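Worth knowing before you read on, the calculation uses all heavy atoms, side chains too, and leaves out hydrogens, waters and symmetry mates. So that the names make sense, note that chain A is the first sequence line, chain B the second, and so on, each numbered from 1. Model, not experiment: these values are computed from the prediction.
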Number of protein chains: 2
Amino acid sequence: MISYLEKFKEYLKSKGLKFTPERKIILEEVFLIHTHFDSEILYKKICGRTKKISRATIYRTLPLLTDSELIKEVLQQNGRAYYEHIFGHGHHDHLLCVKCGRVIEFYNKNIEKLQERICNEYDFSPTDHKLGIRGYCKKCKK
Amino acid sequence: MISYLEKFKEYLKSKGLKFTPERKIILEEVFLIHTHFDSEILYKKICGRTKKISRATIYRTLPLLTDSELIKEVLQQNGRAYYEHIFGHGHHDHLLCVKCGRVIEFYNKNIEKLQERICNEYDFSPTDHKLGIRGYCKKCKK
DNA sequence: GTTTTAATTGAGAATCATTCTCAATTAGAA
DNA sequence: TTCTAATTGAGAATGATTCTCAATTAAAAC
Ligand SMILES: [Mn+2]
Ligand SMILES: [Mn+2]
Ligand SMILES: [Zn+2]
Ligand SMILES: [Zn+2]
């Protein structure tokens with residue numbers, strides 16, 4: 001049971017990068033947030049909770065966390081990139097309510113299998129995928 | 001068999017908007033392009049082929065074409081939005097090669113059905129969806 | 001056809017997320 | 001402790017997209 005902290009440290013070491021206090025703070029904040037977040041949400045939470053870290057550093061760290069498979073970019077909306085932490089969580093896809101913004105996560109093994117089959121057909125070697133279904137949630141469909 | 005031109009005209013009329021020469025040119029160019037395109041590609045093709053239309057007008061027209069279901073935003077990459085025309089074409093999803101950029105279109109009825117089932121489970125009323133599988137295409141997997 | 005008016009256009013400014021620059025700092029190997 | 005390449009913060013730069021506004025025009029009403 002390797003921790004996200006160890007995983008990040010190993011990743012950094014493997015790339016000849018340093019484990020800095022700023023990176024530690026960002027990493028920890030990312031795993032305190034249990035919803036989708038963008039760089040600004042992260043920036044404000046860190047400023048409020050710990051110490052000020054520049055936006056530049058946050059923007060520089062997000063790709064490191066993505067490369068090390070600790071977080072994932074889940075969607076782009078209004079020109080902003082949204083992320084979620086994925087370490088310790090199973091893969092899932094999303095239902096997105098276009099009215100209230102609610103996000104529902106789901107997982108369907110058969111869809112995953114069918115995707116594999118399609119990749120085989122096209123001789124395509126998948127690394128990851130995103131399935132987002134937009135529409136109206138229970139409450140918003142009236 | 002209504003044409004895309006008629007469909008756009010009807011949409012504009014229904015919204016109290018005008019059918020202008022600029023909108024006609026943009027519409028026609030969009031249906032001459034049979035790949036994914038962004039605003040810049042569209043801008044340059046129009047400048048080269050017909051007459052100069054300002055970027056502002058192109059940016060203002062793309063949402064009209066989207067709302068009228070003539071085109072669809074297929075993905076966002078490098079901060080740019082990519083579209084494809086969908087009028088007259090069946091729904092499909094995409095395999096995206098992360099190395100060479102190749103885009104493969106596919107359609108799988110069973111995946112579509114499973115999505116409907118999931119929406120039912122969550123009492124969710126879908127409007128549209130996007131499934132993008134990233135990875136390495138036949139040529140790039142070596 | 002003429003009038004009327006709200007919609008549209010182009011040019012450039014503004015916005016805003018993200019990236020870049022660079023001087024000062026620092027992690028971590030030796 | 002020393003050494004050096006990596007990192008940081010502040011602010012400038014970038015670049016896609018949106019906005020502003022004066023001049024133009026589609027098309028409804030006459
Ligand atoms: Mn999620
Ligand atoms: Mn396509
Ligand atoms: Zn909702
Ligand atoms: Zn390829």
In whole Å, what is the span from the [atom1] atom of [X] to the [atom2] atom of [N]?
| X | N | atom1 | atom2 | answer |
| --- | --- | --- | --- | --- |
| A:Tyr43 | D:dG9 | OH | C1' | 10 Å |
| B:Leu12 | C:dA6 | CG | P | 19 Å |
| A:Leu62 | C:dT19 | CG | C1' | 13 Å |
| A:Leu42 | C:dA17 | CG | P | 15 Å |
| B:Ile58 | C:dA11 | CD1 | C1' | 14 Å |
| B:Leu64 | C:dT8 | CG | C1' | 11 Å |
| A:Lys15 | C:dA27 | NZ | C1' | 19 Å |
| B:Ile26 | C:dT8 | CD1 | C1' | 11 Å |

5' to 3', nucleotides 17-30 of chain D under a 4.0 Å protein heavy-atom cut-off (B base, S sugar-phosphate only, - none) gives BBBB----BBS---
Salt bridge or not between [X] and [Y]? Use side-chain N to carboxylate O under 4.0 Å.
| X | Y | value |
| --- | --- | --- |
| B:Arg80 | B:Glu40 | no |
| A:Glu22 | A:Lys51 | yes |
| B:Arg117 | B:Glu121 | no |

Compute both the distance and the angle, then confirm whether B:Lys99 meets the cation-pi test with B:Tyr136: under 6.0 Å from the six-membered ring centre, within 45 degrees of the axis.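 Not satisfied by the 6.0 Å and 45° rule.
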For the side chain of B:His85 and the backbone of B:Ile33, is there at least one donor-acceptor N/O pair under 3.5 Å apart? yes
Looking only at the side chains, is there a donor atom on one of A:Tyr107 and A:Asp93 sitting less than 3.5 Å from an acceptor on the other? no
Would you please say whether a donor-acceptor pair under 3.5 Å links the side chains of A:His34 and A:Glu84? no
Any A:Tyr82 side-chain heavy atom under 4.5 Å of A:Gln77 side chain: yes
Begin from the C-alpha positions of B:Lys141 and A:Asp123 and carry the test salt bridge (charged side-chain N to carboxylate O under 4.0 Å, His left out) through to its verdict. CA-CA 9 Å; B:Lys141 68 198 283 191; A:Asp123 208 351; 2.8 Å; yes
Per the end-axis method with five pairs at each terminus, what is the bend angle of the helix from C:dG1-D:dC30 to C:dA30-D:dT1, to 10°?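 Roughly 40° between the end axes, to the nearest 10°.
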On the nucleotide D:dT8, are OP1 or OP2 found under 4.0 Å from the side-chain N or O atoms that A:Lys52 carries?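 Negative; the distance criterion is not met.
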